[in-house]
Amino acid sequence: MEQLSVGEDLFATLAVVGLFVLFITALAHSYQLFTERRNAYESFDLTLDIAEDIKNRVLADSPGSIDLTTDKLENHSKLLARESIELRVEVRTLGGEVLLAHGPEQNQLGGYFSPPCSISLPVAVTRGQGSAQLCELVVWVGGR
Amino acid sequence: MISFASLFLVGASPIDSKIESTRYAASFAQSTLLALQNSTADEFGGFEYQLDTLSFEPNVPLLKESAKRNLRHKALTQLLIEDALFNLHIEAEGVGLEPLGPSWGMKSELREFLKDVLDKLIGGRFGYRLIVRTLPLDLGFVRVHFESESKNFDEGAQRKLCSETIVATLPISQEELTRRIQKVLDTTLELEPDIGAEITLELWS
C-alpha cells in the first residue's frame with residue numbers, strides 16, 4: 001500500500017508539472033504571436049507615416065505633386081538613420097520605369113527581427129511647364 | 001488562469017487591423033485625388049470626343065475632324081468638372097429637359113477614359129467608386145443637378161474603407177449659367193452664386 005501511494009503521488013506530481021509546462025509553453029507562444037502582430041502593425045504605421053511625410057513635405061513641390069530632387073531625401077534618410085531606421089524610396093511610372101531610386105536595395109535593408117515593410121502611394125511628378133506625370137511612390141522601411 | 005491568459009493574448013490585438021487598412025486607404029484615396037488634379041489627359045494618350053452639333057453623321061472627314069474636341073492638355077479633374085458643367089440635368093416639375101450644350105458625347109467617352117485611368121492607378125489594390133455630383137440647385141419648380149459614377153468592384157467587395165472628397169466650382173460665370181438654363185426653360189431665373197461640384201472617391205475592400 002505504501003509503494004502504491006508513492007507511485008500515485010509521483011504520477012500526480014508529473015502530471016501537474018507536465019500540464020504546467022504545457023500551459024507555460026502555450027503562454028509563451030501566445031505572447032510571441034502577440035508581439036509579432038504588434039511589431040507588424042507598428043512597422044506598417046511607421047512606414048505609412050514616413051511615406052506621407054516624404055510625399056507631403058520632403059519631396060513636395062506644390063500640393064499633390066512632388067519634385068525629384070534627392071538632396072532633401074538624403075537629409076531625411078540621415079535623420080531616420082539616427083533612429084536606426086533604414087529607408088529606400090522609389091518613384092516609378094505607371095509603366096514600371098524607375099525615375100528615382102534612393103537608399104539600399106530592399107533585400108539589403110537590415111531586418112534582423114522582421115522583413116522590411118513597404119507602402120506605395122500615387123503621386124504626380126512635376127515635369128516643368130505646369131505639367132506633371134502620374135507615378136507611384138514606393139517606400140520601404142527596415143532595420144528597426 | 002494560464003489558459004485564459006493565453007487565449008486573451010492570442011485574441012488581443014494592439015491595433016485593430018481594420019483601422020490600419022482604413023488609414024492606408026484614406027491616404028491612398030487622398031493621394032489619388034491630388035494626383036488627378038495635377039495630371040493631364042495627355043499622360044494616358046489624350047482625351048477627345050465628338051461634339052454633338054450635327055443631327056446627321058457627316059461623311060466628310062473635314063467636318064468630322066472639326067467637330068472633334070481635343071482635351072489632352074486638361075487635368076483629369078478639370079475634365080470631370082467640365083463633364084458636369086456640359087451635362088447638367090434640368091428638371092422642371094419632375095420632367096427632365098434637354099442637356100445644356102452640344103457636349104453630350106463627352107459623358108460616355110469620359111467614363112471609359114476615366115475607368116482606364118483609375119484601373120491603372122487603383123485597380124488590384126482596392127475596389128473603387130468615383131462619384132461626381134453637383135450640389136443640387138433647387139429653384140422651386142426647377143432642379144438643376146449632375147451626378148455620374150465610375151466604379152470597379154469585385155463581386156466580393158463588402159466593406160467601404162474610406163470616402164474622400166474634393167470640391168470645385170464649375171468654371172462658368174453665374175450670368176452665363178443662368179442664361180443657358182433660361183434658354184432651356186424659356187423663363188427668367190435667379191441663381192445662387194457659384195455652383196459647386198464634389199468629386200468623391202470611395203475605396204472598398
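Only heavy atoms go into these numbers, but all of them, side chains included; no hydrogens, no water, no symmetry mates. Keep in mind the model is a prediction, meaning the values are calculated, not measured.
Side-chain atoms of B/N38 and A/S62, non-hydrogen and from C-beta on, do get closer than 4.5 Å to each other.
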Is there a side-chain contact (heavy atoms from CB on, under 4.5 Å) between B/R125 and A/S120? Walk through the geometry before answering. CA-CA 10 Å; B/R125 291 188 180 92; A/S120 73; 3.0 Å; yes
Going through the checks in order, is the side-chain contact (heavy atoms from CB on, under 4.5 Å) test met by B/S31 and A/L137? CA-CA 10 Å; B/S31 303; A/L137 171 76; over 6 Å; no
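Per-residue counts of heavy-atom pairs under 4.5 Å with chain B were compared for A/V125, A/L48, A/N56; the largest is that of A/L48.
Of the possible donor and acceptor atoms, none in the side chain of B/Y24 sits under 3.5 Å from a partner among the backbone N and O of A/I119.
For A/N75, the side chain to side chain contact (heavy atoms under 4.5 Å, CB included) test picks out no residue, with sequence neighbours left out.
Taken to the nearest 0.5 Å, the CG atom of B/L34 stands 5.5 Å off from the NZ atom of A/K55. Atom-to-atom distance recorded for B/S27:OG and A/D49:CG is 9.5 Å, nearest 0.5 angstrom.
Within the 4.5 angstrom heavy-atom criterion, no atom of A/D61 approaches chain B. With a threshold of 4.5 angstrom between heavy atoms, A/T93 does not approach chain B through any atom at all. For A/L134, the parts lying near chain B are the backbone and the side chain together; criterion is any non-hydrogen pair under 4.5 Å.
The pair A/E52-B/R23 meets the salt-bridge criterion, with a side-chain N (NZ, NE, NH1 or NH2) lying under 4.0 Å from an Asp/Glu carboxylate O.
When all heavy atoms of B/S39 and A/A124 are compared, the closest pair comes out as OG-CB, 3.9 Å.
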